[in-house]
Amino acid sequence: MSILKNEYYNKLGVRRVINCASYLTMLGGSIMPKGVVDAMEKASEWFVDMKELNMAAGEVIAEFTGAEAGLVTAGAASALMLQTAACMAGSNPKYIDQLPNTDGLKNEFIIHRSHRTNYDHNYRNAGAKLIEIGNTGGTNEWELESNINEKTAGIIYVYGPKQAGAIEIEKVIEIANKHSIPVIVDAAALLPPPENLRRFISKGADMVAYSGGKGLRGPQSTGILCGKKHLIDAAFLHSAPNNEGIGRVAKVSKEEIIGLITALEIFIDKDHSSVMKKWENDCNIISDSIKSIDSLKVSFIKAPNNPEDINDEESTHPYLIISSKNHSDSKIEELLAEGNPSIRVRNGFETDGVKVFTSNLQEGEAKIVAQKILDALS
Ligand SMILES: *Cc1c(COP(=O)(O)O)cnc(C)c1O
């Protein structure tokens with residue numbers, strides 16, 4: 001099978017993965033368009049002043065997000081760390097040097113309990129202390145208001161894996177404004193649709209983080225931070241190439257910065273409705289091919305049409321949910337992952353059945369996935 005020929009991976013004995021699990025860091029994020037790879041190769045031919053490059057890239061990000069300023073970061077994860085660092089220490093060199101020790105600084109960040117994820121650590125890396133409000137059943141506005149005090153440095157708002165029980169962002173921003181406290185948003189996995197690049201800034205969020213290596217299809221190790229100029233300027237001082245700040249551990253290269261900016265331009269110019277049709281078509285190829293297996297139950301979930309309804313990563317793309325009368329979900333996952341290529345689906349979330357996302361499938365892979373399901377689960 002020629003799809004298994006790749007001298008670099010072959011040499012290391014590393015298998016090919018067909019990614020039906022969406023933009024997972026564990027599987028390499030996404031595949032960069034050729035235009036991005038070409039741009040990175042070209043960028044590798046020169047030295048540049050990294051500060052000048054990051055400033056120029058920031059202007060492009062500002063233009064596409066409607067924010068005052070922007071910054072290329074090392075993944076959304078480092079953007080989250082820089083958000084809390086910038087809110088706590090600002091641009092003060094003494095405090096930039098001092099973090100993650102927050103003595104003498106505001107260091108409390110209010111976060112909805114339903115917004116807590118395994119990405120919390122990135123906020124805490126800078127020394128932030130998370131103050132929880134509400135629960136998955138609901139959150140009262142008084143819970144937010146009564147937790148604001150002289151130690152409050154910001155309010156965190158996360159578009160993570162499914163939200164329930166959070167106060168609407170518009171209301172959170174209104175309350176934050178009343179107390180002059182910044183609202184920092186994690187929208188890492190909410191692209192596409194492109195509308196989401198402007199959505200939270202236009203509602204008044206102070207800083208917003210996105211992944212560069214998920215639906216944007218830039219280098220996997222990149223992210224975007226955009227927002228108010230004084231905060232982004234501070235975030236820059238906390239990060240590489242500057243040597244004093246907490247973000248020095250998370251640098252981006254000149255090739256990655258050019259790659260991210262090129263990915264952003266390609267993303268903006270793309271015909272997203274035809275991309276969505278291709279993803280849906282791949283779902284249909286798989287579900288039509290496996291209809292004949294009586295023991296399987298297959299449902300097709302489409303992405304919402306209205307960008308305002310896209311509030312978690314799952315709803316950015318269509319997917320199939322597949323369950324079997326004969327095998328547990330974990331067994332399905334295991335059977336499909338065996339062999340080369342290894343087919344990875346998503347399991348372990350709240351639904352019965354494994355989820356099969358088609359947004360990361362390359363040309364011809366939908367048929368390979370269908371055949372493997374036929375072979376493994378018939
Ligand atoms: C993926 C993700 C991140 C981390 O993004 P990276 O670009 O991989 O660093 C943070 N928050 C959420 C909600 C995510 O889905």
Side-chain angles (χ1 to χ4, degrees), residues 19 21-32 36 57 61 65 70-85 109 111-126 128 130 154-164 166 169 183-193 196-197 199-200 205 207-227 235 238-240 246-247 249-253 256-257 259-261 263-264 267 303 310-317 319 344 346 348-350 355 357 359-360:
N19 179 3
S22 176
Y23 313 106
L24 297 189
T25 294
M26 188 70 84
L27 300 178
S30 56
I31 299 276
M32 295 182 279
V36 172
I61 291 170
T65 57
L71 186 65
V72 181
T73 61
S78 100
L80 303 184
M81 177 180 71
L82 293 172
Q83 283 179 335
T84 53
F109 289 81
I111 183 168
H112 286 88
R113 182 164 283 122
S114 61
H115 284 182
R116 297 212 56 177
T117 71
N118 47 1
Y119 297 107
D120 283 359
H121 204 131
N122 302 299
Y123 299 119
R124 290 185 280 117
N125 276 342
L130 303 185
I155 301 171
I156 292 169
Y157 206 93
V158 182
Y159 289 89
K162 276 275 177 286
Q163 298 193 78
I169 190 164
V183 174
I184 56 181
V185 176
D186 175 1
L190 287 195
L191 302 175
N196 277 350
L197 276 172
R199 179 169 154 202
F200 310 105
M207 278 189 281
V208 186
Y210 300 96
S211 275
K214 292 183 178 170
L216 205 53
R217 295 181 190 260
Q220 211 223 318
S221 46
T222 58
I224 288 176
L225 181 60
C226 62
H238 286 267
S239 49
I246 195 147
V249 292
K251 73 174 152 193
V252 266
S253 69
E256 289 168 324
I257 293 175
L260 186 273
I261 293 303
L264 193 51
F267 179 80
I310 295 176
N311 293 316
D312 57 60
E313 176 268 331
E314 271 184 18
S315 50
T316 64
H317 37 195
Y319 56 95
R344 302 300 174 91
R346 197 186 285 189
F349 286 75
E350 69 295 337
K355 291 178 181 167
F357 295 87
S359 48
N360 270 319

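Note that ligands are numbered from 1 as they come in the structure, with each ligand's atoms numbered from 1 the same way.
S30 contributes a side-chain N or O that, together with a main-chain N or O of K214, makes up a donor-acceptor pair within less than 3.5 Å.
In this structure Y123 satisfies the ring-ring contact (aromatic ring centres under 6.0 Å, His included) test with no other residue, sequence neighbours excluded. With sequence neighbours left out, the salt bridge (Lys or Arg N to Asp or Glu O under 4.0 Å) criterion links R113 to E132. For E256, there are no salt bridge (Lys or Arg N to Asp or Glu O under 4.0 Å) partners, not counting sequence neighbours.
A cation-pi arrangement is found for R199 relative to Y159, the charged atom lying closer than 6.0 Å to the ring centre and inside a 45° cone about the ring normal.
Side-chain contact of Y23 with E313: a donor-acceptor pair under 3.5 Å is absent, judged by distance alone.
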Can you give me a line-by-line list of nitrogen or oxygen pairs between ligand 1 and the protein shorter than 3.5 Å?
{"residue": "ligand 1", "atom": "5 (O)", "partner": "S211", "partner atom": "OG", "Å": "3.0"}
{"residue": "ligand 1", "atom": "7 (O)", "partner": "A76", "partner atom": "N", "Å": "2.8"}
{"residue": "ligand 1", "atom": "7 (O)", "partner": "S211", "partner atom": "OG", "Å": "2.6"}
{"residue": "ligand 1", "atom": "9 (O)", "partner": "A76", "partner atom": "N", "Å": "3.1"}
{"residue": "ligand 1", "atom": "9 (O)", "partner": "A77", "partner atom": "N", "Å": "2.8"}
{"residue": "ligand 1", "atom": "11 (N)", "partner": "D186", "partner atom": "OD1", "Å": "3.3"}
{"residue": "ligand 1", "atom": "11 (N)", "partner": "D186", "partner atom": "OD2", "Å": "2.6"}
{"residue": "ligand 1", "atom": "15 (O)", "partner": "K214", "partner atom": "NZ", "Å": "2.8"}

